[in-house]
2 protein chains.
Amino acid sequence: MRREDLTIREERILSAIIETYVRSARPVSSGAVVRCGSLKLSSATVRNVMRSLEDRGLIEQPHTSAGRIPADHGYRYYVDRLMGPAIVSNSDRAQIRAGISVLGGRDIATIVTEVSRMLSELCKQLAVGLEPAVESGVMERVELVHLEEGRCLVVVGLRSGQTRSALFKCGESVSESDVAAATGLLNDWLDGLSIGEASQLLKRKLKEKDCPFRDLIWSMHGRWDRIFHLHDSERVHYEGARYILRNPEFAGDASLLGEILDSEEALADLVRKPGSREVVVTIGHENHRRKMAGVSLVVGSYRVGETVGRIGVIGPTRMQYRRLVGVVDQFSRLLDDLFSSSHWQEGR
Amino acid sequence: MRREDLTIREERILSAIIETYVRSARPVSSGAVVRCGSLKLSSATVRNVMRSLEDRGLIEQPHTSAGRIPADHGYRYYVDRLMGPAIVSNSDRAQIRAGISVLGGRDIATIVTEVSRMLSELCKQLAVGLEPAVESGVMERVELVHLEEGRCLVVVGLRSGQTRSALFKCGESVSESDVAAATGLLNDWLDGLSIGEASQLLKRKLKEKDCPFRDLIWSMHGRWDRIFHLHDSERVHYEGARYILRNPEFAGDASLLGEILDSEEALADLVRKPGSREVVVTIGHENHRRKMAGVSLVVGSYRVGETVGRIGVIGPTRMQYRRLVGVVDQFSRLLDDLFSSSHWQEGR
DNA sequence: GTTAGCACTCTAGCGCGTCGACTGCTAATA
DNA sequence: TATTAGCAGTCGACGCGCTAGAGTGCTAAC
């Protein structure tokens, strides 16, 4: 029996405390646990157990003569071992299916935005969606287009269906046929590479003495990293600031949340976790960022071809983990299905 | 003398009240106005004047025996007639210049994001940036690219330097030379039109009996409105949620701000005002949206070719209008310069 | 027209006592 | 030995009254 293992009774009481606290947002007393019904114990016994849970850091007491509230460790124990399989209610499931089903054929940005919105509505939490990072996407086609006045358009299409484009200056001397030939060459070089690999390869080619179309490719490569810069590469969508601001735990200092909401990069950073197929829950202090105490994340991932995107919710540690994990998981799965379906493939 | 005209003395006192209140965030007493120094009056006289200002709805009293706070009308009078020309301090001006100068050659999305960030930092307010609406942009070039498996890429370059692209399905029967010919045709048709006009024209052409490449153009046109849908058409960037959440006036119900922060469309809607060359100030209830009481906007515009984008700040009505109008104006002008400069034109 | 003076009003803050919720301990109990 | 009833003790929430102080509105004098 590991040090942190709890007896059945302790587990039951911890569950009761957490579930009651999530509902009420107020410290849970021994009496309240008894009134939960599932245990046939007196409040005195429950108190003894609570004291032991407190000694182990699973719950804490705001002050003497108050009830207990779950500590981050307590939530962690609950999520890992007590809450049981994340079950999605029929109503939730139906809503998710219906919402996803109307998105067939839309582009990724729209899908991610809409899914964030739905996730936020359904969970009543701040929801975040990350498009798949373009950097890791695999190139399907690159095209240069010759314009007037020595300018050129570069367009990159990825297997995921995402496309990016930008203008660059190539000098008056470049002819239309040069551009066409360079396009052919680039496609030979870059097909099947990721954006990052492509950039590396271009750099190498440019160093070679006999690099063909050096000036043209040089100019284009100068744009490359900017086109695929994070800002445009891994777009962040979020919805539902109103929900997180509504929580009583943030009533005092909403400025903390300001920091979270503020920067798309910070948000992306939070949600971009070491990849895992499963939904990942991060509770309070487990976020190493400062000032993220009191905030939990539930993050899932979805695949689009070779690339991975993420969706998740952000809320107070006092959140309905079981339901949220279920909903996020369901969304992730359906997005996976959507992006691998023939409907999506063909609709593009 | 118009009904709402004030005497010099009344104006001085109104100014003193507003400026003191903006600094202190607390009701301003008659004594505080006297202590401001610029008037040689007793507090009793000031009290008489304040009562008359209150009768006209320019200031209000939270409760008897409290000082006065400016009403929306008072701010309006101040902004229109009292605060004087918006003057930008040398330090602000230098920072703005420096910030803008490093943006030469970047793409519009990056520029707008960075400017929002700078504006937010400088003003310590929530800042919003809108890219120019792509819809009203003028087409410079449209290009179709033939891909494998009956798919096609459409790329549109605008005179503003913005580009958009998307994949669509065109059917296996379309040949590479068809695509090239169709590209030429499209450029003939669409050159110099706005995106909106182009969509109309394509619709007309498709109705004609002898429309060439009907299937191809039909498929492409099916994508058209989605590519240029608001979501991608008039991107919104914002920065500085932390600042607006920090204001004491929103300490209680931040959920109101949640509604503002929440939806990019709502933000865009706020900032997208009837066009004007000048910086536009919108105070509290002048926003017709409900629940926008207590919130003011300072919005400027900048041109990129034929299209117009906007930048602005959003904060409590208790804001430093003079300085903010100056800073927003300065940014607008420098953006205008940036986008019309040969440096920008050529750098693209 | 302006001001000094004064009575009045209202808030913020403090101290106090009470109530009620909850705990921790102890001794009785099954 | 595990559980429980009972009880004393602790602490926050609430309401009350009081006071200090800030600020007003009015009036009479200048």
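Values below: all heavy atoms of this structure, side chains included; hydrogens, waters and symmetry mates excluded.
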Subject >> Centroid-centroid under 6.0 Å between B:Tyr321 and B:Tyr78 rings >> reply: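 Centroid separation for B:Tyr321 and B:Tyr78: 6.0 Å or greater.
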Just to confirm, is there a sub-4.0 Å distance from OP1 or OP2 of [N] to any side-chain nitrogen or oxygen of [X]?
{"X": "A:Arg9", "N": "D:dA2", "answer": "no"}
{"X": "A:Ser43", "N": "C:dC22", "answer": "no"}
{"X": "A:Thr64", "N": "D:dC11", "answer": "yes"}
{"X": "A:Arg68", "N": "C:dG24", "answer": "yes"}
{"X": "B:Ser65", "N": "D:dT24", "answer": "no"}

Tell me the interatomic distance from [X], atom [atom1], to [N], atom [atom2], rounded to whole angstroms.
{"X": "A:Ile69", "N": "C:dC22", "atom1": "CD1", "atom2": "C1'", "value": "15 Å"}
{"X": "B:Lys40", "N": "C:dG1", "atom1": "NZ", "atom2": "C1'", "value": "18 Å"}
{"X": "A:Glu10", "N": "D:dT3", "atom1": "CD", "atom2": "P", "value": "11 Å"}
{"X": "A:Gln61", "N": "C:dA21", "atom1": "CD", "atom2": "P", "value": "17 Å"}
{"X": "B:Asn48", "N": "C:dT3", "atom1": "CG", "atom2": "C1'", "value": "10 Å"}
{"X": "A:Glu60", "N": "C:dT23", "atom1": "CD", "atom2": "P", "value": "15 Å"}
{"X": "B:Arg26", "N": "C:dT11", "atom1": "CZ", "atom2": "P", "value": "16 Å"}
{"X": "B:Ile13", "N": "D:dT24", "atom1": "CD1", "atom2": "P", "value": "12 Å"}

Original post:
Do A:Tyr77 and A:Glu11 touch side chain to side chain, with heavy atoms closer than 4.5 Å?
Top reply: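 Yes. Closest side-chain heavy atoms under 4.5 Å.
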Original post:
Below 4.5 Å, heavy atoms only, C-beta onward: do B:Glu121 and B:Gln95 meet side chain to side chain?
Top reply: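 The answer is no; the side chains never approach within 4.5 Å.
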Subject >> Sidechain-backbone polar pair: B:Arg318 side chain, B:Val22 backbone, donor-acceptor under 3.5 Å >> reply: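 Yes, the answer is positive, given that a donor and an acceptor are paired below the 3.5 Å cut-off.
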Original post:
Which nucleotide sits closest to the side chain of A:Ala44: D:dG6, C:dC22, D:dT24?
Top reply: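 Nucleotide nearest to A:Ala44's side chain: D:dG6.
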Original post:
Of the nucleotides D:dG23, D:dT24, C:dT23, which has the atom closest to the B:Arg47 side chain?
Top reply: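 The listed nucleotide nearest to B:Arg47's side chain is D:dT24.
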Subject >> Closest-nucleotide 5' rank along DNA chain C - winner of A:Arg51 and B:Thr45 >> reply: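 Going by which nucleotide is closer to the 5' end, it is B:Thr45.
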Original post:
More 5' along DNA chain C: B:Leu41 or B:His63, using each one's nearest nucleotide?
Top reply: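 In this pair, the answer is B:Leu41.
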**OP:** Check the surroundings of atom CZ in B:Arg12: do more than 12 heavy atoms from other residues, nucleotides or ligands lie under 6.0 Å from it?
**Re:**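 Incorrect, the count does not exceed 12.
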